[in-house]
Amino acid sequence: MDGTWEKEAARLREELARLLSTLKHNREKVPLDVLRTKYKKGYDALCASISRCASDYAKRAALHGIRIHRDCIDEAVPIINGAIAESGILRQLAAAAFRHQDIAEFDSLAGALRERILAELEPFYMRHLGLYITQECLEDPDAAPLLYCTANHCIWQDGKWIPLELYEAGSTCPQEKSA
């Protein structure tokens, strides 16, 4: 996977953990009504920063490695948005951040959201399957063609989607549930 994507996700996670720690510390030391009145400006700014960072991090964590070909975006976006809306996990993510200030819980919920999105995308991917004929298939009639998905530009191998460019490069070590 793209190292830049992973570095940015790690940076966002670290920033979110720092912000949640600050919120937790503030709430332990100062009553909530005082935070909302006397320290309103700073408290509101902290909450806005947490909201922004949590949203960016959850998006990166949930969508990491999910591949959709640009020709299929219009079909895939409603599936992804529906999975997010129907899961109810966004409220749980907000609770993990604002009520519990728990980065581990947030990570777990973002992972659950990712799994939900992947599960909802599976029928979509299945509607876009074709056969990938390799040189080996042409030379050996007993060699089976591979399954290819035009929606994610991947080959199905060993129970995982492998990006075609990695397969063709001979680097078939699949990333964690690339989709």
Side-chain angles (χ1 to χ4, degrees), residues 1-69 72-128 149 151-152 154 159-161 163 174-179:
M1 279 285 102
D2 181 30
T4 304
W5 180 275
E6 291 169 350
K7 286 178 186 174
E8 181 62 13
R11 186 196 66 74
L12 286 167
R13 184 189 188 285
E14 185 177 308
E15 177 69 7
L16 180 59
R18 185 187 66 73
L19 292 167
L20 294 179
S21 176
T22 300
L23 178 62
K24 185 174 192 159
H25 175 77
N26 289 350
R27 286 192 175 171
E28 288 171 351
K29 301 294 182 192
V30 181
L32 188 56
D33 60 322
V34 175
L35 286 171
R36 290 182 173 164
T37 55
K38 184 175 181 181
Y39 299 108
K40 180 176 179 34
K41 188 175 180 179
Y43 181 74
D44 287 350
L46 175 61
C47 288
S49 293
I50 289 171
S51 182
R52 218 176 8 261
C53 189
S55 177
D56 290 347
Y57 175 58
K59 189 183 310 178
R60 290 223 177 238
L63 299 177
H64 176 75
I66 294 177
R67 296 167 50 113
I68 308 291
H69 191 277
C72 299
I73 288 289
D74 291 342
E75 186 181 353
V77 167
I79 295 169
I80 293 169
N81 288 340
I84 292 167
E86 292 169 13
S87 72
I89 294 175
L90 292 182
R91 282 194 186 127
Q92 294 173 29
L93 284 166
F98 290 102
R99 275 193 235 139
H100 311 139
Q101 299 90 44
D102 188 339
I103 191 70
E105 179 183 356
F106 196 92
D107 284 337
S108 176
L109 289 165
L113 181 58
R114 175 181 171 67
E115 292 304 315
R116 176 73 181 256
I117 291 168
L118 288 170
E120 294 295 321
L121 282 173
E122 215 40 54
F124 162 73
Y125 288 145
M126 294 303 141
R127 288 191 302 271
H128 294 275
C149 180
N152 64 10
C154 291
K160 293 182 176 35
W161 290 112
Q175 288 80 26
E176 180 186 348
K177 203 165 187 177
S178 253

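Minimum heavy-atom separation, Ala151 to Cys72: CA-SG, 3.8 Å. The shortest non-hydrogen separation linking Ala62 to Ile117 is CB-CD1, 4.2 Å. Between Pro78 and Ile73, the shortest heavy-atom contact is CD-O, 4.4 Å. Between Phe106 and Ala96, the shortest heavy-atom contact is N-CB, 4.0 Å. Looking at every heavy atom in both residues, Ala76 comes nearest to Ile68 through CB-CG2, 3.7 Å. Smallest separation of non-hydrogen atoms from Ala83 and Arg116: O-CG, 3.9 Å.
Using a cut-off of 4.0 Å between Lys/Arg side-chain N and Asp/Glu carboxylate O, Arg11 and Glu14 are scored as not salt-bridged.
Tyr57 is listed as a side-chain neighbour of Asp107, based on a closest heavy-atom distance under 4.5 Å. Contact annotation: the side chain of Asp56 never approaches that of Glu8 to less than 4.5 Å [non-hydrogen atoms, C-beta and beyond]. Ile80 places a side-chain heavy atom less than 4.5 Å from the side chain of Leu63. Taking 4.5 Å as the limit, every side-chain heavy atom of Arg18 sits out of range of all side-chain heavy atoms of Ser21. Side-chain contact check for Glu105 versus Gln92: every heavy-atom pair is 4.5 Å or farther apart. Contact check for Glu75 versus Arg127: side-chain heavy atoms found under the 4.5 Å cut-off.
For the side-chain contact (heavy atoms from CB on, under 4.5 Å) criterion with Tyr43, the lone passing option out of Val30, Asn26, Thr37, Leu32 is Leu32.
Around CG of Asp74, the count of heavy atoms belonging to other residues, nucleotides or ligands within 6.0 Å does not exceed 12. No more than 12 heavy atoms of other residues, nucleotides or ligands sit less than 6.0 Å from atom NE2 of His25.
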Taking it one step at a time, do Glu122 and Leu118 satisfy side chain to side chain contact (heavy atoms under 4.5 Å, CB included)? CA-CA 6 Å; Glu122 215 40 54; Leu118 288 170; 5.8 Å; no

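Distance check: Asp44 CG to Ser51 OG gives 12.0 Å after rounding to the nearest 0.5 Å.
Between Tyr125 and Arg67, the side chains place no donor N or O within less than 3.5 Å of an acceptor N or O (distance only, hydrogens not considered).
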